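Owing to the predicted nature of the structure, the values given are computational and were not obtained by experimental measurement. Below, read A as the first sequence line, B as the second, and so on, with proteins coming before strands; counting in each chain starts at 1.
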Amino acid sequence: MYLLIDCNNFFASCEQIFNPALRNIPVVVLSNNDGCVIARSKEAKELGIPMGAPAFQYKNLFLTKNVAVFSSNFTLYADMSQRIMDILASLGFDFEIYSIDEAFLYVPCSNDYLKLANTIRNQIKQWTGITVSVGIAPTKTLAKAANKLAKNATGVFLIDKPQNNHPQLAKFPLEDVWGIGKKTAEKLHQFGLYFVPDLLAKPDHWIKKHLKVTGLRTILELRGKSCLELKEDTPQKSIIRSRSFGTEITTLKNLEEAIASFAASIGKKLRTHRLKTSNLCIFITSNRFKKSPYFSDSVHIHLPEASSDTSYLINQSKIILHKIFQENISYKRAGVMAYELSSETALQKDLFHLSNTMTTQKEHLSKVVDQINHRFGSNTMYFAAEGIKKTWQGKPLSRSKQYTTSWNDIPRIILKNS
DNA sequence: TCTGGGGTCCTAGGACCC
DNA sequence: TCTGGGGTCCTAGGACCC
């Protein structure tokens, strides 16, 4: 059986744990530039604040309903996530970290799955303060559905045999099925299909024709035939760094600095994972919400030799940027993507590319910069090309402290003499 | 004034081959 | 009238996920 463990309202819960005054009141966490709502506490959901809602449209509601609004604090969330994943890993079952707040466990046999799930729940709650829901089922897709049902029940839900036709599954909307998104759901609605049993009644060839192989896989999984196994710890295939700018950019110089920052960040991640990239893509866009004509362009290049050296990646990124930059445009968003990642130890050298001691020295330099930043704090050293002011970076309005990763921010308990 | 960021997988269609 | 058949590889774009 598969167990899907999913943290409830994860980012909002992280905020509530370290600030007791936030418990039982609506809390939302916003995306970069405090743009959209990306997490809501139970109380915030009850107020009808949707996921992804633009914050400015809900400003009044936040005020009148005393909603606690936070800028995102990924350092905190990532650390809390790690603690939870460590607990799951310690159980000794095969498991797959699916996202920052979710993991699948594969438990081949157990006398009492519900008891096991409750033990896991209690332990995570006690050790981290986070409440999780557990869905248990013979396939991953059913475990996702069970998890959804668990959230509305006691926190644990078991679908042992799909053919038992749980009454909850009979009214399970197709758009809530893992793998069926907005577009597919709309398509199915046109055929008069709304709930899981409606789709299960269709023959395989109908599914294959309209939903392709991915759709067929989903249906088989819903019928209890496992098609999706736990994913091995496969190496990453691409790395993306992109941002919407707090202040729109109009000059090439500022855009170069932003792109250089993204390239530097990619370089660091590549080195951390002992990878190199041999394909870069740069993209720049104007504001898609504005009435003025939308501008968007991107270019890929194949690097003559794979690299993880920041100075090289910055240089190459700049060269590509120059190919697509146009004057008199207000740029709202840009990004750098790295593809064709390969292990730094198993690399194909380019016969005609000048790979010399200079290259080796530069790579060494990047690693030294990493070590310095690791020891003295990130951004202690960075490339001048990234710019000093980073004017494009918006300032988060209300970010919580780094309670678990910074000595200065560790919560203090004050004992009062009674 | 104000609308996120980071990923994966699949398919259709073009280019190319014999 | 009429213009093969079978295959691979690559890429852009769509759909999905959190």
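As judged by a 4.0 angstrom heavy-atom cut-off over every strand, A:I239 is placed among residues touching the sugar-phosphate backbone only. Base contact: A:K59 has a heavy atom under 4.0 Å from a base atom. Looking at heavy-atom distances under 4.0 Å, A:V177 makes contact with sugar-phosphate atoms alone, never a base. Residue contacts shown for A:K332 are limited to sugar-phosphate atoms, with no base heavy atom under 4.0 Å away. Contact annotation for A:D34: no contact, since no heavy-atom pair falls under 4.0 Å across all strands. Across all strands shown, A:I100 has no heavy atoms under 4.0 Å from either base or sugar-phosphate atoms.
Distance from the side chain of A:S242 is smallest for B:dG6 among the nucleotides B:dG6, C:dC16, C:dC18. Picking from C:dA15, C:dC18, B:dG4 the nucleotide with the shortest atom distance to the side chain of A:K144 gives C:dC18.
Taking atom CZ of residue A:F11 and atom P of nucleotide B:dG4, one finds them 15 Å apart after rounding to whole Å. Counting to the nearest Å, the P atom of B:dG4 and the CZ atom of A:F56 are 10 Å from each other. One can place CG of A:N60 at 17 Å from P of B:dC2, the figure rounded to the nearest angstrom. A:E102 has its CD atom 15 Å from the C1' atom of B:dG6, to the nearest Å. Taking atom CD on A:E96 and atom C1' on B:dG7, their separation rounds to 13 Å, with Å as the unit. Between the CZ atom of A:F74 and the P atom of B:dG5 there is a distance of 10 Å, given to the nearest Å. Taking atom CG on A:N287 and atom C1' on B:dG4, their separation rounds to 13 Å, with Å as the unit. In this structure, A:Y77 places its OH atom 17 Å from P of B:dG4, rounding to the nearest Å.
OP1 or OP2 of B:dA12 has at least one side-chain nitrogen or oxygen of A:K212 nearer than 4.0 Å. For A:R333, no side-chain nitrogen or oxygen approaches OP1 or OP2 of B:dT3 to under 4.0 Å. Within the 4.0 Å cut-off from OP1 or OP2 of B:dG6, not a single side-chain nitrogen or oxygen of A:K269 is found. At B:dT8, one or more side-chain N or O atoms of A:S238 fall inside 4.0 Å of OP1 or OP2 (strictly under the cut-off). Between A:R288 and the phosphate of B:dG4, there is a side-chain N or O to OP1/OP2 separation shorter than 4.0 Å. Residue A:K290 has no polar side-chain atom (N or O) positioned under 4.0 Å from OP1 or OP2 of B:dC2. Proximity of A:R217 to the phosphate of B:dC9: no side-chain N or O atom is located under 4.0 Å from OP1 or OP2. Dashed line: the shortest gap from a side-chain N or O of A:Q236 to OP1 or OP2 of B:dG7 is under 4.0 Å. Here A:S244 reaches the OP1 or OP2 of B:dG5: one of its side-chain N or O atoms lies under 4.0 Å away. Between C:dA15 and A:T184, no contact under 4.0 Å exists linking OP1 or OP2 to a side-chain N or O. The phosphate of B:dC9 (OP1 or OP2) has a side-chain N or O of A:K237 nearer than 4.0 angstrom.
Shown here, C:dA12 forms a base pair with B:dT11; the pair counts as Watson-Crick or G-U wobble because both key distances fall under 3.5 Å.
Counting only N and O atoms by type, the side chains of A:D309 and A:S366 include a donor and acceptor under 3.5 Å apart. Using modelled atom types and a 3.5 Å distance limit, the side chains of A:Q82 and A:D86 yield a donor-acceptor pair. Side-chain atoms of A:H322 and A:E256 include a donor-acceptor pair closer than 3.5 Å.
Ion pairing between A:K290 and A:E248 holds under the 4.0 Å rule for side-chain N and carboxylate O.
Closest-nucleotide positions on DNA chain B for A:I240 and A:K208 were compared, and the one nearer the 5' end corresponds to A:I240. Looking at which nucleotide of DNA chain B each of A:C36 and A:T214 is closest to, the 5′-most match is held by A:C36.
Stacking annotation: A:F289 is stacked on the base of B:dT3 (ring centroids less than 5.5 angstrom apart, interplanar angle below 30 degrees).
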Steps toward side chain to side chain contact (heavy atoms under 4.5 Å, CB included) verdict (A:S226, A:Y2): CA-CA 10 Å; A:S226 180; A:Y2 288 95; 3.8 Å; yes

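Listed by first and then second residue, the ring-ring contact (aromatic ring centres under 6.0 Å, His included) pairs that reach into residues 250-271 of chain A are A:F262-A:W392, sequence neighbours excluded.
Both the sub-6.0 Å distance and the 45° axial angle are satisfied by A:K171 relative to the ring of A:F195.
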